[in-house]
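Here the structure comes first, spelled out in structure tokens, and everything after it is commentary.
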Amino acid sequence: MDLPRIFGIREASHRIHNPITADKLAALGQALDLVPGTRVLDLASGSGEMLCTWARDHRITGTGVDISTVFTARARARAAELAVGDRVDFVHGDASGYVAHEPVDLAACVGATWIGPGVAGTVELLARSLRPGGLMLIGEPYWRQEPPTQDVIEGCHAGSRDDFRTLPELLGSFAGLGYDVVEMVLADQDSWDRYQAAQWFNLRRWLDHNPDDELAAEIRAELTTEPARYAQYTREYLGWGIFALMRR
């Protein structure tokens, strides 16, 4: 049980596996007014940056669950680096069925709602671990503007327009699920640039060191086409945000 190798190669230098910067992640932690001892569950926790930095800055405790052995190892190393290994732990496993042993104060899935599958299913999954009155975090893409053609939709790695919502539609969908939106932090185009462009550097460095690897041709093709695709489609049409919800 693991992610394909290319994910680890593509995001080898990333601490955050979403188009959100460290500053914005820190701003979200401050906005949520986290108190020491807040118990957090982070499903699809990646390399653990949210849990580790919030444990350092706000003294939260928590558990992260991720299917990637590479990212889980990085998360544990990051916890040791920040001296918060006594407050956070990371589990290698399938987040799609994970429920906390005891209710938590904050349940999160930041950028991986396919574990639900979809927003509604992920909200339902997180709710199974959340105490009454607790906070939920959902990270999700949205259309910055209406995609005019199917080519644009597919250029954003979507199959149809309905794979994503506009920001008003997304916020309204949370209300339809019975939740109030109480905070949000949105990526901007610079956030996207930092996330995506770093992938190209990772791919090129890996390719230089592994020209005969079985993945070399695939990575060469991606490196050749991805910058232009990103500039034409994702950067212009897709937004991304983290939304804090509370049950009504």
Side-chain angles (χ1 to χ4, degrees), residues 15-18 20 22-67 71-72 75-76 78-80 82-113 115-116 118-140 170-171 173-186 240-248:
R15 285 181 172 167
I16 302 171
H17 302 287
N18 292 298
I20 200 82
D23 287 345
K24 287 180 180 286
L25 193 61
L28 178 62
Q30 293 172 349
L32 296 179
D33 195 25
L34 299 170
V35 299
T38 297
R39 296 162 300 169
V40 179
L41 174 66
D42 187 10
L43 297 185
S45 51
S47 294
E49 191 71 2
M50 185 176 78
L51 279 179
C52 290
T53 56
W54 286 3
R56 177 195 63 193
D57 298 339
H58 305 285
R59 300 189 66 80
I60 61 97
T61 65
T63 297
V65 183
D66 200 275
I67 201 170
F71 295 163
T72 301
R76 292 168 179 160
R78 184 63 166 157
L82 297 184
V84 295
D86 59 332
R87 294 198 287 277
V88 295
D89 66 288
F90 295 94
V91 176
H92 172 241
D94 185 357
S96 64
Y98 192 93
V99 177
H101 300 300
E102 297 180 0
V104 299
D105 303 305
L106 190 157
C109 178
V110 178
T113 57
I115 70 171
V119 171
T122 301
V123 166
E124 191 279 331
L125 174 62
L126 292 175
R128 294 167 61 190
S129 296
L130 192 62
R131 69 165 175 80
L135 276 169
M136 183 181 296
L137 296 182
I138 294 286
E140 182 72 0
L170 181 57
L171 296 175
S173 75
F174 294 135
L177 294 171
Y179 287 81
D180 291 322
V181 180
V182 297
E183 186 56 85
M184 68 180 186
V185 174
L186 303 181
W240 194 89
I242 305 175
F243 306 91
L245 315 175
M246 293 186 70
R247 186 78 183 177
R248 290 179 177 175

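Just so it is clear, the values below take in all heavy atoms, side chains as well, and ignore hydrogens, waters and symmetry mates.
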Would you say that [X] contacts [Y] through its side chain, given a criterion of any heavy-atom pair below 4.5 Å between the two side chains?
X      : Y      : result
Thr122 : Ile115 : yes
Leu82  : Thr53  : yes
Val35  : His58  : no
Leu25  : Met50  : yes
Leu125 : Tyr98  : no
Phe243 : Leu186 : yes
Glu183 : Leu28  : yes

Task: Donor on one side chain, acceptor on other, Asp89 and Thr63, under 3.5 Å - done: yes
Task: Leu137, Val99, Ile138 screened by side-chain contact (heavy atoms from CB on, under 4.5 Å) with Leu126, the one that passes - done: Ile138
Could you state the interatomic distance from [atom1] ([X]) to [atom2] ([Y]), rounded to the nearest 0.5 Å?
X      : Y      : atom1 : atom2 : answer
Cys52  : Arg76  : SG    : CZ    : 11.5 Å
Glu140 : Leu170 : CD    : CG    : 6.0 Å
Leu43  : Ser96  : CG    : OG    : 9.0 Å
Leu41  : Cys109 : CG    : SG    : 9.5 Å
Leu34  : Leu32  : CG    : CG    : 5.0 Å

- [ ] Please test Val185 against Ile20 for side chain to side chain contact (heavy atoms under 4.5 Å, CB included), starting from the C-alpha separation and ending with a verdict.
- [x] CA-CA 9 Å; Val185 174; Ile20 200 82; 3.9 Å; yes
Open item on the list: I'd like to know if the side chain of His92 and the backbone of Ile67 have a donor-acceptor N/O pair within less than 3.5 Å.
Closed with: yes
Task: Sidechain-backbone polar pair: Asp66 side chain, Thr72 backbone, donor-acceptor under 3.5 Å - done: no
- [ ] Could you walk me through whether Trp54 and Thr61 pass the side chain to side chain contact (heavy atoms under 4.5 Å, CB included) test, one step at a time?
- [x] CA-CA 9 Å; Trp54 286 3; Thr61 65; over 6 Å; no
Do you know which two heavy atoms are closest between [X] and [Y], and how far apart they sit?
X      : Y      : value
Gly46  : Ala75  : O-CB, 4.0 Å
Ala44  : Ala95  : N-CB, 3.6 Å
Gly111 : Trp240 : CA-CZ2, 3.8 Å
Met246 : Gly134 : CG-O, 4.0 Å
Ser129 : Ala100 : OG-N, 2.9 Å

- [ ] List in chain and number order the residues that pass side chain to side chain contact (heavy atoms under 4.5 Å, CB included) with Glu124, two or more places apart in sequence or in another chain; answer none if no residue qualifies.
- [x] Arg128
TODO: Would you check, one step at a time, whether the test side chain to side chain contact (heavy atoms under 4.5 Å, CB included) holds for Leu51 with Ile60?
DONE: CA-CA 8 Å; Leu51 279 179; Ile60 61 97; 4.0 Å; yes
Task: CA sep, side-chain torsions, deciding dist, call: Thr113, Val123, side chain to side chain contact (heavy atoms under 4.5 Å, CB included) - done: CA-CA 9 Å; Thr113 57; Val123 166; over 6 Å; no
Task: Exceeds 12 heavy-atom contacts within 6.0 angstrom, atom CZ of Arg131 - done: yes
Open item on the list: Could you work out, with ring-ring contact (aromatic ring centres under 6.0 Å, His included) as the rule, every residue matching Tyr179, not counting sequence neighbours?
Closed with: none
Task: Pairs involving residues 26-49, ordered by first then second residue, that meet side-chain hydrogen bond (donor to acceptor under 3.5 Å, both in side chains) (sequence neighbours left out) - done: His17-Ser47, Arg39-Asp105, Glu49-Arg78
